[in-house]
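Input: a single structure, listed below in structure tokens.
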Amino acid sequence: MRLSAYFLPTLKETPAEAQIVSHRLMLRAGMIRQTSAGIYAWLPLGYRVLRRIEQIVREEQDAAGAQELLMPTIQPAELWRQSGRYDDYGKEMLRITDRHDRDMLYGPTNEEMITEIFRSAVRTYRDLPKNLYHIQWKFRDEVRPRFGVMRGREFLMKDNYSFDLDAAGARRSYQKMFLAYLRTFARMGLKAIPMQADTGPIGGDLSHEFIILAETGESGVFCDKAWLDLDVLNQAPAHDDDLQPFFERFTSIYAATDEKHDPATCPVPADDLVSARGIEVGHIFYFGTKYSAPMGATVAGPDGEQVTVEMGSYGIGVSRLAGAIIEASHDDAGIIWPDAVAPFKVGLINLKSGDAECDRVCGDLYAALTRAGVEVLYDDRDERPGVKFADMDLIGLPWHLTVGPRGLKNGVVELKRRATGERSELSADAALARLAG
RNA sequence: CGGGGCGUAGCGCAGUCUGGUAGCGCGCCAGUUUUGGGUACUGGAGGCCCCCGGUUCGAAUCCGGGCGCCCCGACCA
């Protein structure tokens, strides 16, 4: 993509309403625009990131055996009356009346709807287990939206729902999601730590919040320092393995939010205990028959009796992750995208657009990289070098490839790694080999 | 939902107390500068001063009523 033609309204100054760093950087980098309190438009650069995040979530869900579908944003109130939540949910639920005076709502979550779909289609235990997910916009009319996309009213969420014949099956479904979540966040370059959360009336150990560590996180967390150098991707078992040992190991390493942390009973010695800040990016829980019972989601069991199915639900804040990743990965100059979610891999900077030699070398590099499948944002604007460098640092692409007349005189271009600031001079061919290889 | 603040050019703000030609910086446009980490200079465009009503010869400014946005707290993916 040529920057001269790209819709990328970067800002030099920070809009007054943005208080936290990810919100400021997303506005300044031209990723989002606010349209109302807690509601945002995603501009091309931001939308690319959102889709990247969504795709990683999707791949890990599919790998874990979940099946994607898509439910609507608007739901009939009737379903929520069946579960008893229509009156309980309060003002956070956006209620709508259609032209026929029917009560509708903009879905804040989808337990009722998925239960309705399930109960109308599944009759026998032979069709279990099932795990269905979708990635869809939700609306919760928060009293006070803030922190940009980290706590918007409208947000993109991956939510899925598991259906099992009994508690043992539900436990296995839960463990599959536990593994999928650890893999998902690790792939995004995040250190996500599962922390035991309130399970409500069901009890047990089957509810975890996944919290990523970031200096600017909302809540205080404590964890065993063993978490810090745990390599999840290398230790993760296959989804078909017996997940119990893995689950036990990862839930036994201490981690707690400050609400649950009690220094008096903490099993971790003070020297091994890390105190940090965190952002919740995922939440999984098992809730048994909370919805299946009132809504009559039953199947015929092996002995012919009707059995109420055991359910769990699992959420990932996809749009929140865009902000959370920035909270976890930025510096004074701007965003530092982890490779897996970067909107482009390489920023190609032409220091002197209009100069025949610079234009030719850049054009060749751009064409060759594109041919090799490398996504490039080519800054071909007629701008000052300082402006180009500053914009590129702000946008935070993983690699910056700089071409200028001074370097070309010596036959070199400059390659910079955004995360480390490390720069090296090399030939255009060598740079191409490194980026495309 | 309690408490507080703000609304003036695309962005950041001054002007409001004490009513009298709508300003500054950045950005934008046209030039000069030919620049190696937000360069410098010259010229220019761009405003229902959030909305409605009132007071006044005259309102961005005073009064009344709305709306919007932000912050702190409580609450929450």
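Worth knowing before you read on, the calculation uses all heavy atoms, side chains too, and leaves out hydrogens, waters and symmetry mates.
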- Looking at R48(A) and E375(A), does any basic side-chain N land under 4.0 Å from a carboxylate oxygen? yes
- Across all strands shown, which nucleotide pairs with rG43(B) by Watson-Crick or G-U wobble geometry, both distances under 3.5 Å? rC29(B)
- Query: Which value, in whole Å, describes the distance between the P atoms of nucleotides rC41(B) and rU21(B)?
  - Reply: 30 Å
- Residue-phosphate contact under 4.0 Å: R144(A) side-chain N/O, rC72(B) OP1/OP2: yes
- Let me know the distance between CG of L11(A) and P of rG27(B), rounded to the nearest Å. 13 Å
- Salt-bridge test for D164(A) and K130(A): reply yes if a basic N is under 4.0 Å from a carboxylate O, no otherwise. no
- Would you mind telling me which of rA77(B), rC1(B), rG12(B) lies closest to the side-chain atoms of P15(A)? rG12(B)
- Query: Is R146(A) salt-bridged to E17(A), cutoff N-O under 4.0 Å?
  - Reply: no
- Within 6.0 Å of CD in E59(A), more than 12 heavy atoms from elsewhere: yes
So which protein nitrogen or oxygen atoms get under 3.5 Å of nucleotides 30-32 of chain B's nitrogens or oxygens?
none

- Item | Salt-bridge present (E218(A), R277(A); N to O < 4.0 Å) | no
- Item | Ion pair check, D87(A) and R81(A), cut-off under 4.0 Å | no
- Task: For rG31(B) and rA45(B), measure between their C1' atoms and round to the nearest Å.
- Result: 15 Å
- Message: In whole Å, measure the gap between the C1' atoms of rC48(B) and rU32(B) for me.
- Response: 38 Å
- Looking only at side chains, do Y314(A) and H208(A) share a donor and an acceptor under 3.5 Å apart? no
- Message: Any base atoms under 4.0 Å from D355(A), or only sugar-phosphate, or nothing? Heavy atoms, all strands.
- Response: nothing
- Ranking E154(A) and D382(A) by the position along RNA chain B of their nearest nucleotide, the one closer to 5' is D382(A)
- Task: Please give the nucleotide sitting opposite rG36(B) as a Watson-Crick or G-U wobble pair, both distances under 3.5 Å, or none.
- Result: none
- F389(A) aromatic ring stacked with six-membered ring of rG36(B), 5.5 Å and 30°: no
- Message: Side chain of K416(A) only, heavy atoms from C-beta on: which candidate in rA74(B), rG37(B), rA77(B) is closest?
- Response: rG37(B)
- Message: In whole Å, I'd like the distance from the CD atom of E425(A) to the P atom of rG37(B).
- Response: 13 Å
- Measure up the F246(A) and F250(A) rings against each other and bin them: parallel (under 30°), tilted (30 to 60°), perpendicular (over 60°). tilted
- Query: With the threshold set at 4.0 Å, does a side-chain nitrogen-carboxylate oxygen contact exist between R360(A) and D364(A)?
  - Reply: yes
- Query: According to the Watson-Crick and G-U wobble definitions, with both distances under 3.5 Å, which nucleotide is paired to rG68(B)?
  - Reply: rC6(B)
- Task: With heavy atoms under 4.0 Å as the rule, sort G315(A) into base, sugar-phosphate or nothing.
- Result: nothing
- Winner on side-chain proximity to L351(A), out of rG27(B), rC71(B), rG36(B), is rG36(B)
- Item | Rounded distance (Å) that lies between atom C1' of rU34(B) and atom NZ of K409(A) | 12 Å
- Query: Rounding to the closest angstrom, what is the interatomic distance between rU39(B) and rC26(B) at atom P?
  - Reply: 11 Å
- Message: I need the residues from residues 16-48 of chain A with at least one non-hydrogen atom less than 4.0 Å from RNA chain B; give them sorted by number, or say none.
- Response: A16(A), E17(A), Q19(A), R28(A), Q34(A), S36(A), A37(A)
- Taking CZ from F147(A) and P from rC70(B), how many angstroms apart are they, rounded to a whole number? 12 Å
- Message: With a 3.5 Å distance limit and no angle check, can you tell me whether K176(A) reaches the backbone of Q61(A) through a side-chain donor-acceptor pair?
- Response: no
- Item | Atom-to-atom span, CD of E414(A) to P of rG36(B) - whole angstrom | 14 Å
- The nucleotide from rG38(B), rC28(B), rU34(B) with an atom nearest the side chain of E383(A) is rC28(B)
- Message: Counting only Watson-Crick pairs (N1-N3 plus N6-O4 or O6-N4) and G-U wobbles (N1-O2, O6-N3), all under 3.5 Å, who is the partner of rC1(B)?
- Response: rG73(B)
- Query: K12(A) side chain N/O closer than 4.0 Å to the phosphate oxygens (OP1, OP2) of rG38(B)?
  - Reply: no
- Message: Applying a 4.0 Å non-hydrogen cut-off, can you work out what D159(A) is touching in the nucleic acid: base, sugar-phosphate, or nothing?
- Response: nothing
- Query: Partner of rG23(B) by Watson-Crick or G-U wobble geometry, both contacts under 3.5 Å, or none?
  - Reply: rC13(B)
- Rounded C1' spacing from rC51(B) to rG38(B) in Å: 38 Å
- Task: Provide the distance between the two P atoms, one in rU61(B) and one in rG7(B), to the nearest whole Å.
- Result: 12 Å
- May I have the distance from D393(A) (atom CG) to rG36(B) (atom P), rounded to whole angstrom? 16 Å
- Task: Could you tell me whether R140(A) sits above the aromatic face of Y106(A), with NZ or CZ closer than 6.0 angstrom to the six-membered ring centre and within 45 degrees of the axis?
- Result: no
- Message: Taking the P atom in each of rG19(B) and rA60(B), what is the distance between them to the nearest angstrom?
- Response: 13 Å
- Message: Between P on rG36(B) and CZ on R423(A), what's the gap in Å once rounded to a whole number?
- Response: 13 Å
- Message: Checking contacts here: which listed nucleotide (rC26(B), rC1(B), rC75(B)) is nearest the side-chain heavy atoms of V143(A)?
- Response: rC1(B)
- Message: Assess whether a salt bridge exists between E68(A) and R58(A), defined as any Lys/Arg side-chain N lying under 4.0 Å from an Asp/Glu carboxylate O.
- Response: yes
- Message: More than 12 heavy atoms of other residues, nucleotides or ligands under 6.0 Å from OH of Y47(A): yes or no?
- Response: no
- Check every strand shown and say whether G407(A) touches a base, only sugar-phosphate, or nothing at a heavy-atom separation below 4.0 Å. base
- Message: Please determine whether a side-chain nitrogen or oxygen atom of R406(A) lies at a distance below 4.0 Å from atom OP1 or OP2 of rG36(B).
- Response: yes
- Mind checking P9(A) for me? I need base, sugar-phosphate or nothing, with any heavy atom below 4.0 Å counting as a touch. nothing
- Message: When you measure only distances, ignoring hydrogens and angles, does the side chain of E13(A) come within 3.5 Å of the base of rG25(B) through a donor and an acceptor?
- Response: yes
- Would you mind classifying the nucleic acid contact of T14(A) as base, sugar-phosphate or nothing, using non-hydrogen atoms under 4.0 angstrom? sugar-phosphate
- What does M150(A) touch in the nucleic acid at a heavy-atom separation under 4.0 angstrom: a base, only the sugar-phosphate, or nothing? base
- Choosing from rG12(B), rG36(B), rA77(B), which nucleotide comes nearest the side chain of E142(A)? rA77(B)
- Message: Can you tell whether the side chains of E383(A) and K388(A) come within less than 4.0 Å, N to carboxylate O?
- Response: no
- Task: Give the rounded distance in Å between these two atoms: CE of M392(A) and P of rG36(B).
- Result: 18 Å
- Query: When you compare rG53(B) with rC17(B), how far apart are their C1' atoms, in angstrom units rounded to a whole number?
  - Reply: 24 Å
- Item | Sorted by number, the residues of residues 60-96 of chain A with heavy-atom contact under 4.0 Å to RNA chain B | K91(A), E92(A)
- Query: Do NZ/NE/NH1/NH2 and the carboxylate oxygens of R417(A) and D339(A) come within less than 4.0 Å?
  - Reply: yes
- Task: State plainly whether the residues E111(A) and R85(A) are in salt-bridge range, i.e. N to O under 4.0 Å.
- Result: yes
